[in-house]
Amino acid sequence: MNKKLVLLVLCFSVYGYSQKKQTKIKAKAEFITELMSKMTLDEKLGQLNLPTSGDITTGQANSSDIAKNIAEGKVGGLFNIKSVQKIKEVQKIAVEKSRLKIPLIFGMDVIHGYETTFPIPLGLSCTWDMNLIERSAQIAAQEASADGINWTFSPMVDISRDPRWGRISEGSGEDPYLGSRIAKAMVNGYQQHNLSKNNSIMACVKHFALYGAPEAGRDYNTVDMSHIRMFNDYFPPYKAAVDAGVGSVMASFNEVDGIPATGNKWLMTDVLRNQWGFKGFVVTDFTGIPEMIEHGMGNLQDVSALSLNAGVEMDMVGEGFLTTLKKSLDEKRVTISQIDNAVKLILEAKYDLGLFEDPYKYCDEKRAKTEIFTSNSRKEARSISAQSLVLLKNQNQLLPLKKSGTIALIGPLADAKENMPGTWSVATKMENAVSLLAGIKEVAGSSTKVLYAKGSNLDYDETFETNATMFGKTLHRDSRSKEELLAEALKVAQQSDVIVAALGESAEMSGESSSRTNLKIPQAQKDLLNVLLKTGKPVVLVLFNGRPLVINDENATVPAILNVWFAGSEAGSAIADVLFGDVNPSGKLTATFPRSVGQLPIYYAHKNTGRPLSNSEGKFEKFRSNYIDERNEPLFPFGFGLSYTSFEYSNLKISSDKMNFGGKLKVSVDVANTGNYDGKETVQLYIRDLVGSVTRPVRELKNFKKIALKKGEKQTVTFEITVEDLKFYNSDLQFVAESGQFDVFVGGNSTADKKVSFELTN
């Protein structure tokens, strides 16, 4: 046989094996039915069990406490294990030592990136760029899947209108329309419309539902609201994720209508499955089932049965399903069909991920070495991070800074690379993050002298700082006295041409279980800022935060404020790119900044009252809806964000002043770049329904477009309005549009005053 023929035979052999490998698994329904017919009750309950193993040391998986349960088929998946080697070891126990060799699913909190970390979700939302947001999730999936992970507990889409709640940092702000767009982008980024790809991972939308509206802004606290508010204001982003095909849903900790979400059948079955058509599985949050005991819903057996009956399929850590459902089945408190349905949904997810065909599909060590924290991913992260920053103030065009002279960089967040990735950055290697000091030195170049002083600690209270710098997010507390720190800062400031003050929150001052009642910058830093302002030098405040803060004093005294959130592993470089004008800031707020904590909750799409203020200056009026001691309006409204250039809106037009239920309208506006820099502007369209069968918000975001304009360039931006944009849930929870008058506002933020009107007619 000649060499060509041998090669041809080999090629056909390889092709035949490849084809055999791809087709050896039966069609999903047949495969899972056959597999379930072989399963014992204990093995079925095992599939519903999601324990955490801790990060098992490589080489010790077989001797770990979890190994015995896996071998006995009592584990459906694990989370919090990181790296191909460790995951492969554990998967080997499942597929080689358990009776039915059912592979495990491996989850992780991949929230805003993996090792390449993007801005915290609240910051990421401020890009208003769905392509960038989807791309960030795609890169996160690429890296996580290369390291063995195939399931992420993201996106978090909880609407929040109260920045006292720490987890506002983990969501996309206050608006249901924007939140829905982002939910879809994140799901598509993670899942890539194809879970069988080895670089996509299954998404898990959370926390269903209403978790972002706890009383007093206190995490895990009671939530109580009307159904009409649920459907109009809080449900849309969850539904958008379901419509995008999200593979799993996580139950929230809070109660809904007096029943904890984890045991709420109306929520999990009537709404999620029957109304929205969700086909995936529901997982609890961490110990969500046993926590219902403290809610007052019964003992572990009671709450486990309640949860399964509600429509929850997987028990994270609580082990209530594993240890009590057999007894509940005997007592007829649950049915075998409910258990079988839950098992089926979890097995279907594993099938869709390709784990039955290749349980080691995500365990490619070559990928782990070449696809994580790459130079290209870091470059993209730097670009995305720069577009999340929001310029709040720029008096006399102090920014951008010149790449010359002497800059004093002062503040506890200036040289704090461990804090740059922000909260919920569990896979990030903090040592690889870029501090602001490093970023400024890199971007400013050799012609610029950069001097540094810490200036103050995060807070005068050491215990507070300890609680706010957990999980390795240290700020390296300085033991020197307040006077010594200020003296050093003053010495550095006096040698400079401009002062950059890096102040605000630490990364863990926001996030889970980080609620605050005081939303001001800590007093130690306020004292430092006042000393710096007294030098007479120009001061730029680089504000680090995971939530809207109360910065009235700073806004009144500091000439330039750049809100930078926590911008990820490339934060320092991205912030420097904006400070020096290599990138023109284009971020827009997705959560309102209050003037006072007493205004909370605060949001732009509020309802009117029967006694609104009659003046637009915020002056107090007796027997009107206002405060004695504060104005009604926020410090910075939703959608707000400045640029180094200026944009002018003109020539707002609507194609007709009437539209029928099957028709369409076009709204157009001219936007001109009238400044000295090229820039990007997010053009926002809001609608007000003037008369409804139920009261309607003063305005609602219904569309937006982010455009790039060269200096001197003008562009006509066009939007289309259909009846779908006018629909809402009425008092009967019917999704309807009603005939009548509507106002349309277009501009650069939610206070846009350019208006056209139309009538919807039958």
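- The two residues I120 and G546 make their nearest non-hydrogen contact at CD1-CA, 3.7 Å.
- No salt bridge links D147 with K369; every basic N to acidic carboxylate O contact stays at or beyond 4.0 Å.
- Using a 4.0 Å cut-off between charged nitrogen and carboxylate oxygen, E554 and K526 count as a salt-bridge pair.
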Open item on the list: Determine whether T116 and S377 satisfy the following criterion, side chain to side chain donor-acceptor pair (under 3.5 Å), listing intermediate values before the conclusion.
Closed with: CA-CA 7 Å; T116 302; S377 292; 4.6 Å; no
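- Cation-pi contact between R547 and F593: absent, since separation from the ring centre below 6.0 Å together with deviation from the ring axis within 45° is not met.
- When the shell of 6.0 Å around NZ of K393 is examined, it contains more than 12 heavy atoms from other residues, nucleotides or ligands.
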Open item on the list: Using the rule given for salt bridge (charged side-chain N to carboxylate O under 4.0 Å, His left out), can you reason through K491 versus E488, listing the C-alpha separation, both sets of side-chain angles and the distance that settles it, and then say yes or no?
Closed with: CA-CA 5 Å; K491 182 179 178 181; E488 181 185 54; over 6 Å; no
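- Taking the side chain as every heavy atom from C-beta outward, H476 and E418 approach each other to under 4.5 Å.
- Using a 4.0 Å cut-off between charged side-chain N and carboxylate O, K706 and E681 make no salt bridge.
- In terms of modelled atom types and a separation under 3.5 Å, the side chain of D129 and the main chain of I133 share no donor-acceptor contact.
- In this structure, the side chains of Q387 and L132 come closer than 4.5 Å at one or more pairs of heavy atoms.
- Contact check for L600 versus P163: side-chain heavy atoms found under the 4.5 Å cut-off.
- We find that R631 and E633 are joined by a salt bridge, their nearest charged nitrogen and carboxylate oxygen being less than 4.0 Å apart.
- Counting all heavy atoms, side chain and backbone alike, D497 lies closest to G405 at OD2-CA, 3.3 Å.
- Taking 4.5 Å as the limit, some side-chain heavy atom of M108 sits within range of a side-chain heavy atom of V426.
- Y677 and S643 are not linked by any side-chain donor-acceptor pair at a separation below 3.5 angstrom, with hydrogens and angles left out of the test.
- Judged purely by atom type and a 3.5 angstrom limit, D219 uses its side chain to pair as donor or acceptor with the backbone of S513.
- Looking at P412 and L503, their side chains come closer than 4.5 Å, going by heavy atoms from C-beta outward.
- Side-chain atoms of Y220 and P214, non-hydrogen and from C-beta on, never get closer than 4.5 Å to each other.
- Salt-bridge formation is not detected for the pair R378/E115: no Lys NZ or Arg NE/NH1/NH2 atom is positioned less than 4.0 Å from an Asp or Glu carboxylate oxygen.
- If you look at F153 and F79, their ring centroids are closer than 6.0 Å.
- Rounded to the nearest 0.5 Å, atoms CG (N545) and CG (L122) are 8.0 Å apart.
- Residues T645 and N584 form a side-chain contact, since some pair of their non-hydrogen atoms from C-beta on lies under 4.5 Å apart.
- Under a cut-off of 6.0 angstrom, the local environment of CZ in R218 is sparse, with at most 12 non-hydrogen atoms contributed by other residues, nucleotides or ligands.
- The pair R382-D577 meets the salt-bridge criterion, with a side-chain N (NZ, NE, NH1 or NH2) lying under 4.0 Å from an Asp/Glu carboxylate O.
- For the residue pair N749 / T751, a side-chain donor-acceptor distance below 3.5 Å is found, with atom types taken as modelled.
- With N419 as the fixed residue, the side chain to side chain contact (heavy atoms under 4.5 Å, CB included) test singles out one of M509, K473, E508, E505: K473.
- In this structure, F620 has its ring center no closer than 6.0 Å to that of Y627.
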- [ ] Given side-chain contact (heavy atoms from CB on, under 4.5 Å), test L589 with L392 step by step and report yes or no.
- [x] CA-CA 9 Å; L589 296 178; L392 297 178; 4.1 Å; yes
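- A distance-only check finds a donor-acceptor pair linking the side chain of D461 to the backbone of T463 [under 3.5 Å].
- Aromatic pair F544/W565: ring centres not closer than 6.0 Å.
- Comment: D678 engages K710 in a salt bridge, judged by a side-chain N to carboxylate O separation of less than 4.0 angstrom.
- Aromatic rings from F118 and W424 are positioned such that their centres are separated by 6.0 Å or more.
- Within the 4.5 Å cutoff, the side chain of K403 has heavy atoms near those of the V443 side chain.
- K520 NZ: 12 or fewer foreign heavy atoms inside a 6.0 Å radius.
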